[in-house]
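A, B, ... follow the sequence lines: proteins, then strands. Residue 1 opens every chain.
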Amino acid sequence: MMNMGLYQKFPAEEAMLTDFKGYLINTLQVTNYQQVIDNVSRTLRYIQPSGDKVTLDFLLKSTETKDFLTQLRHADMGPATILNYIKNMIRFVQYLKTHLNLVAADPDFYRKCQAYIDHLTFLRKPVSKSNSKVTCKIRYDWFIEGEKSLRECQAVLRKAKKDMLSVYGRMLEGDHVASEEKTIFRYYCEAILILGHFLRPGAVEGLTISEWDERKNSGGKVCVAVSEHKTAMLDAYYTWIRPECIRSGVEHGNRLFVSTLGTKIRSATNDLCRLHFHLIFLPHCSYKLPNIKSQQVRRTVETDAAANLTEEQKASVAHYMAHSTAVANTTE
DNA sequence: CGACTTTCGCCACTTGCTGT
DNA sequence: ACAGCAAGTGGCGAAAGTCG
């Protein structure tokens, strides 16, 4: 499935694509430009299978363009993904239109670009339709199978609590704590923020020590289901575990969560997953809990809030959740 | 008809999975 | 562990309904 010739790309240093990249970065300030470039590069590569340079012939190859999108569908890609490819191509051609020297070389250039964009827009319509259907079905399925309750989502926190308190106690007493236990403890702290505070993984990864201090002292208390002892757990991590992970010469960007190698953590999602997995090995918990993703808790909280809270409380939750994402957007 | 509300379509960005 | 990719999320403006 992987190799239907859909993953070939132009060399990274290809001139036109490099220009486009610069435009995305400098003019449009697009942060995730790499995926845009990759998508465009693959599309063009399919249309023009040979040569190291992109030629403008693709503007006239509407059939090949359509074929490529059909191939993507045959490779079982979702409409959302195909939509992204189309969008990225439109942006690329829109950018080409601004190149005055290309217009000079071909007086018909502008019209060709526009025709190509129109064609893409036309091809996009049915894809967009089926994307709506997919979204609709997903929502419907959630509705049918029912949301997991907040309690179910947070089960992993309760299951691990006893062991984590034991680690906590030993750290408090200055007893020995194995490094593996410390890592699990870090996972647990991340889980508190994701499942208890409803932070996004990106927000957890980006959280800095100064942000943590602020949050601890002012905000944070607004929300349901976060008890004092959990704040204490995070403080314990901050006080006894984090300092041991800091290495001189290794950049940690003042992040609250630091891996054992001293770098900032890369994937809070992954850490949460490992915490779920780890519970298999706890003596009093021999079965595996379903792995709850951050998106699921956030969904649950939002539906719970919609159903059970007063307007004022809803506003408070909405504000809190918004803040949870804000952290992700303002860091890095 | 215009004001007002709801739904749709798209975009920017994020999350999460997978193969190496 | 990480790069590379697919797909989900939330917000926002445009389009489509709906009512006086």
- Side chain of Ser128(A) only, please: which of dC10(B), dC17(B), dC5(C) is the nearest? dC10(B)
- Counterpart residues, side chain to side chain donor-acceptor pair (under 3.5 Å), relative to Lys21(A) (two or more places apart): none
- Message: Ignoring hydrogens and geometry beyond distance, is a side-chain donor-acceptor pair present between Asp67(A) and Gln71(A) at under 3.5 Å?
- Response: no
- Item | For atom CZ of Arg266(A) and atom P of dT14(B), their distance in whole Å | 18 Å
- Sequence neighbours left out, what pairs pass salt bridge (charged side-chain N to carboxylate O under 4.0 Å, His left out) with at least one residue falling in residues 53-62 of chain A? none
- Item | Whole angstrom value for the distance that separates C1' of dC5(C) from OH of Tyr7(A) | 7 Å
- Residues Ser41(A) and Arg45(A): side-chain donor-acceptor under 3.5 angstrom: no
- Mapping Val134(A) and Asp38(A) to their closest nucleotides on DNA chain C, which lands nearer the 5' end? Asp38(A)
- Does Ser132(A) make a side-chain N or O approach to OP1 or OP2 of dG9(B) shorter than 4.0 Å? yes
- Task: Calculate the interatomic distance between Gln34(A) atom CD and dC2(C) atom P; express it in whole Å.
- Result: 18 Å
- Between P of dT14(B) and OH of Tyr33(A), the distance in whole Å: 14 Å
Check: residues 123-131 of chain A side-chain donor-acceptor pairs under 3.5 Å, at least two apart:
{"from": "Ser130(A)", "atom 1": "OG", "to": "Val127(A)", "atom 2": "O", "distance (Å)": "3.1"}

- Of all the nucleotides listed (dC10(B), dT14(B), dC17(B)), which has the minimum atom distance to the side chain of Gln35(A)? dT14(B)
- Query: If you look at every strand shown and take non-hydrogen atoms under 4.0 Å, does Arg73(A) touch a base, only sugar-phosphate, or nothing?
  - Reply: nothing
- Item | Nearest-angstrom distance from the residue atom CD of Gln295(A) to P of dA7(C) | 14 Å
- Separation of Asn270(A) atom CG from dT14(B) atom P, in whole Å? 19 Å
- Task: Kindly state which residues belonging to residues 80-92 of chain A come within less than 4.0 angstrom of DNA chain B, counting heavy atoms of the residue only, listed by number.
- Result: Lys87(A), Arg91(A)
- Note on the structure: Closest to the side chain of Arg200(A), out of dC5(C), dG10(C), dC11(B), is dG10(C)
- Task: Using side chain to side chain donor-acceptor pair (under 3.5 Å) as the criterion, list what pairs up with Asp106(A), not counting sequence neighbours.
- Result: Lys112(A)
- Task: For Asn39(A), check side chain to side chain donor-acceptor pair (under 3.5 Å) against everything at least two apart and list the hits.
- Result: Arg42(A), Asn88(A)
- Note on the structure: Between CD1 of Ile117(A) and P of dC10(B) the distance, given in whole Å, is 15 Å
- Query: Rounded to whole angstroms, how far apart are CE on Met77(A) and P on dT18(B)?
  - Reply: 14 Å
